[in-house]
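Proteins get letters first, then strands, A, B, ... in listed order; numbering begins at 1 in each.
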Amino acid sequence: MSNAFGKGHHLHLIDGSAFIFRAFHALPPLTRKSDGLPIGAVAGFSNMLWKYVQDAKGADAPTHVAVIFDHSAKTFRNDIFADYKANRPPLPEELKPQFPLTRDATRAFNIACIEIESYEADDIIATLACQAREAGGRATIISSDKDLMQLVGDGVTMLDPIKNKEIGPEEVEEKFGVGPDRVVDIQALAGDSVDNVPGAPGIGIKTAALLINEYGDLENLLANADQIKQPKRRQTLIDFADQIRVSKRLVQLDCDTPLDFSLDSLEIADPDPEALLGFLTEMEFRTLSNRVAEKFGAEAPAIPDKPAASSTDIAAGPDWPPVDTANYQTVTTEAELDTWIASIAGFGAVAIDTETTGLNEMTADLVGISLCTGAGMACYIPLAHVSGGGDLFDSGARLDGQLALDLVLAKLKPILEDTAILKVGHNIKYDWKMLARHGIRMAPIEDTMLMSYAMGSDLFSHGMDGLSERVLGHKPMPIKDLIGSGRSQITFDQVPLDKATPYAGEDAEVTWRLWQTLRPQLSPTAVTTAYETLERPMVPVLADMEMAGIKVDQEHLSRMSNVFAQRMAALEDEIHGLAGAKFNVGSPKQLGEILFDQMGLQGGKQGKTGAYSTSADVLEDLAAEGHDLPARVLDWRQISKLKSTYTDALQTHVNADSGRVHTSYAIAGAQTGRLASTEPNLQNIPIRTEEGRRIREAFIATPGHKLVSLDYSQIELRVLAHVADIPALKEAFREGIDIHAMTASQMFGVPVEGMDPMIRRQAKAINFGVIYGISGFGLSRNLRIPRAEAQAFIDTYFERFPEIRAYMDQTIANAKRDGFVRTIFGRRIPTPGINSSGPQAGGARRAAINAPIQGAAADIIRRAMIRMPDAIAGLPAKMLLQVHDELVFEVEDGATDRLIDKARTVMESAAEPAVQLSVPLVVDAGIGNSWAEAH
DNA sequence: CTAATCACG
DNA sequence: GACGTACGTGATTAGC
């Protein structure tokens, strides 16, 4: 088919830019392993081209093909209208270096690659489509861009590559309400916010279609605009006629782009396997090169699956062999240990992992330590292994041949505390605490879990096994293989050494490799500062807080449990009486059946499971209608919750040695940068009800001490005022005005003095709603007011504080562009699902709006906590707890005022010097013998 | 092991 | 124009 393009020929025109952006947003931020070059969009683009090449054979196969790109942002349309496409967000940094590579990819596939200065891809596509048509052939535009739809018809069709659906004249008419030949008229009228085509204000596609169908075309419409019946519409068309004509010139695609090649040069040709595989190998696309090689019957190119040496003194080794767990040394002599110590000192860094008898660092015992200084260079130092269960007589006896724990720790201590030697761990807080219990305070440290967290990838969890599998392509042996699970589970000290050494050594080596791999990626993802100032320094601070624990009055809890038990029994009797039957009050299923089936109360089925909802909301509504049973169930549930989750459970967490409760904080637990508290969770101790607040009386200071609580006042609203730059809000915070009253005053025009508490409550709900990405529905439910009323509140709010809207729009745009948002301190927070459609999209948007606010507040208190130990070093005081915006200290009786003074200063200036907030931070303080008194 | 519920900021 | 609906957590219990 080498004759000139004409009848029987079929030209495919691929919208290259659309492919690139789709690839960029569809894929996680992949980087080339050898040098960290961002490569995700190129990878996706190449995959799409490969798929295209595979599919483009068959009945309706193209004879000619080209991929068309935009050359640069500035085009001749900017001469027509300076602001054309002016509100496009800037290109993501990671994407920029990928543009030239997508051209290389196109050429590697042996497909014509076309771009022309000062013309858009759309112009070139239009011109080529025209030429194909005039030559008597056909053209298919592979794109879903609505701007190209005007070209459809008469031998030209479009193909939506996502839905794999053809777009013909019918589909165009469905979208625009007119045929392809009038699409530009519609676009000229309706404008386009994405491309910043102004159009006519207040006229959308629907109205435009109505008008064009009535008047035939745009010129006729404008000429007869004075006959339009609707006065506003008439005036708009008369006033904005010029702007509409300019808009038409912006959207109109002509067939006169100067081309220096002919259609014939676009004739399809098979790719040259060598060139294609060369390109894919250079990009290090393993899967795709294998596929391509298989197709061509060529040998799959070798792509090293190891990262290259990073810019560090410590050689990573250019060619890591696969992890080999068979040859790790079991260190059992002093000489061996000394050799390792000398080697670590020489390397200047060591990956370390501790093996223990349990998951709780406060109660587990140290069993052994593994170390790694490079690929294949790992050892395990057993310290407290015992003989296994196999031998009844010997079981539980300490195994011979192990070095003494005290000796090993004494020898390791200088290395582990040497400021010139890095200690690398995965979740190193655990190991830090294990060693701190033996008097070793490791420094300096690195934590690969926190590196992964700081990078803010939503691709995988930050646990070592998952991270290793995905980052290193290596699946570590599961701990279950050694200790089993369930009833027959043993502790690590019972694991025989020939199994313990490979396992423990592997953990250290994987940690080492993760460190070598992740650390060079901190900088390209611009999270080095976040990692170094917000994550890593938290480790020793939290470890100290967790080890300190808080004193709990166990008898107080026990007494409360007894009281609660009696009240629950009484309530159960009453409930059974009201129901006329005995049932498990704690079973939502049984309760639902009693309420809605037996008693016939109103309240529909909910959710996928078809079960009735018996949530507090539902029960409260029923109680308000005067039903006693749901009211009693609500009482029962409150007591039951307090008993089972707090008064009972807390007692079991009192440490036998310290008599205190030691929580554990997850640094990488929450997406937003907040901490999470577990075992027990001390961040959700009741306070909102009088009943629950009494549980806080059980958290007490040790004799001669007080508990001091300092909490940030309205920190999230202050952060919002700063990041969204809302003058009215900032002013109020600077003046120290009641912020909710101010909001109410602004919205409802009432004076702050003598304000109705009801009005203030509504304003408060709106203020919080804004932080969460408010909706009329949500607010109406929260305030129990009609939806329309709630929506009116929100409208007024946005009118009074227009900056909020701008902030929200900007944040969502950033999230869509990058797949993450950042706090003002540089923390990166992933926004998964932000580019999805469907019901989850709304949730993703609200999360994206909330993340920089909640995250910045989390950053601020982290910064305060990190500085706190030094700031209060001279005082007889310990920091014990963090509850998101509150810090709790235990302080000697005479030092409370000095502590408050120091701690408050640190907290109120915590944002500085990184960020100079435009609102003051205010910290309230309280002192008491119990947490209830102090808060 | 998941869903429902409810405790906190 | 419809559709679903406040953000972030952890612990407990029921029930498959």
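Using a 4.0 Å heavy-atom cutoff across all strands shown, Gly842(A) reaches no nucleic acid atom at all. Within 4.0 Å of Ser587(A), counting heavy atoms only, lie sugar-phosphate atoms of the nucleic acid but no base atom. At a threshold of 4.0 angstrom between heavy atoms, the contacts of Arg787(A) include nucleobase atoms, whether or not backbone atoms are also involved. Backbone-only engagement by Gln590(A) is indicated by non-hydrogen atom pairs under 4.0 Å involving sugar-phosphate atoms exclusively. Heavy atoms of Lys589(A) sit under 4.0 angstrom from primed sugar atoms or phosphate atoms, though from no base atom. Looking at heavy-atom distances under 4.0 Å, Asn584(A) makes contact with sugar-phosphate atoms alone, never a base. Using a 4.0 Å heavy-atom distance criterion, Ala841(A) is classed as making no nucleic acid contact. When heavy atoms are screened at a 4.0 angstrom cut-off, Ser640(A) is found touching no nucleic acid atom at all. Nucleic acid contact class of Ala857(A) (heavy atoms, under 4.0 Å, all strands): none. Contact annotation for Glu886(A): no contact, since no heavy-atom pair falls under 4.0 Å across all strands. As judged by a 4.0 angstrom heavy-atom cut-off over every strand, Arg846(A) is placed among residues touching the sugar-phosphate backbone only. At a threshold of 4.0 angstrom between heavy atoms, the contacts of Ala649(A) are confined to the sugar-phosphate backbone, with no base atom among them.
Of the residues near DNA chain C, Thr645(A) and Lys206(A), the one whose nearest nucleotide (by heavy atom distance) lies more toward the 5' end is Lys206(A).
First and last contacting nucleotides of DNA chain C toward chain A (any atom under 4.0 angstrom from a heavy atom, 5' to 3' order): dG4(C) to dC16(C).
Between Asp711(A) atom CG and dG9(B) atom C1' there is a gap of 11 Å when expressed in whole angstrom units. To the nearest angstrom, P of dA7(B) lies 16 Å from NE2 of His884(A). The separation between Lys643(A) atom NZ and dC6(B) atom C1' is 17 Å, rounded to whole Å. Atom-to-atom, CG of Leu591(A) to P of dC6(B) comes out at 10 Å; the value is rounded to the nearest Å. In this structure, Leu634(A) atom CG and dT5(B) atom P are separated by 12 Å, rounded to whole Å. For Arg693(A) and dA7(B), the CZ to P distance is 14 Å, given to the nearest whole Å. Summarising the geometry, the separation between CG on Leu710(A) and C1' on dG9(B) is reported as 16 Å, rounded to the nearest angstrom. Atom-to-atom, CD of Glu691(A) to P of dC6(B) comes out at 16 Å; the value is rounded to the nearest Å.
Each of Leu578(A), Leu622(A), Ile575(A) was compared with Pro630(A) under the side-chain contact (heavy atoms from CB on, under 4.5 Å) criterion, and only Leu622(A) meets it. Checked options Gln638(A), Glu572(A), Glu691(A); the residue passing with Arg567(A) is Glu691(A) (criterion: side chain to side chain donor-acceptor pair (under 3.5 Å)).
dT5(C) and dA3(B): their P atoms are spaced 15 Å apart (whole Å). Nucleotides dA6(C) and dA4(B) are separated by 15 Å at their P atoms, to the nearest Å.
Taking all atoms of both residues into account, the shortest heavy-atom contact from Tyr712(A) to Leu921(A) is CE2-CD1, 4.1 Å.
In summary, Arg632(A) and Asp635(A) engage in a salt bridge, as defined by a charged side-chain N under 4.0 Å from a carboxylate O. Between Glu716(A) and Arg674(A) a salt bridge is recorded (basic side-chain N to carboxylate O distance below 4.0 Å).
Put simply, CG on Asp725(A) and CG on Leu720(A) are 10.5 Å apart, with the number rounded to the nearest 0.5 Å. Between the CG atom of Asp573(A) and the CE atom of Met568(A) there is a distance of 12.0 Å, given to the nearest 0.5 Å.
Using modelled atom types, one finds no donor on one side chain facing an acceptor on the other under 3.5 Å when comparing Ser664(A) with Glu679(A).
The stretch residues 682-690 of chain A touches DNA chain B through Gln683(A), Asn684(A), Ile685(A), Pro686(A), Ile687(A), Arg688(A), each having a heavy atom under 4.0 angstrom from the strand.
Here the side chain of Glu908(A) pairs a donor or acceptor atom with the backbone of Val923(A) at under 3.5 angstrom.
The aromatic rings of Phe699(A) and Trp931(A) sit perpendicular, their planes meeting at an angle over 60°, well past the 30° parallel limit. Between Tyr453(A) and His462(A), the two ring planes are perpendicular [angle over 60°; tilted spans 30° to 60°].
Distances shown here put a side-chain N or O of Ser613(A) below 4.0 Å from the OP1 or OP2 atom of dT5(B). Between Arg637(A) and the phosphate of dC6(B), there is a side-chain N or O to OP1/OP2 separation shorter than 4.0 Å.
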Take His740(A) and Phe768(A) through the test side chain to side chain contact (heavy atoms under 4.5 Å, CB included) and record every step on the way to the result. CA-CA 10 Å; His740(A) 302 311; Phe768(A) 279 108; 4.2 Å; yes
Please determine whether side chain to side chain contact (heavy atoms under 4.5 Å, CB included) holds for the pair Met538(A) and Tyr665(A), giving the CA-CA distance in whole Å, both sets of side-chain angles, and the decisive distance to 0.1 Å. CA-CA 10 Å; Met538(A) 291 298 286; Tyr665(A) 289 103; over 6 Å; no
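Aromatic ring centroids of Phe793(A) and Tyr797(A) lie 6.0 Å or more apart.
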For DNA chain C, please output the secondary structure as dot-bracket, reading 5' to 3'. Pairs are Watson-Crick or G-U wobble, both atom distances under 3.5 Å; mark crossing pairs with [ ], other-strand partners with |, unpaired with a dot. ......|||||||||.
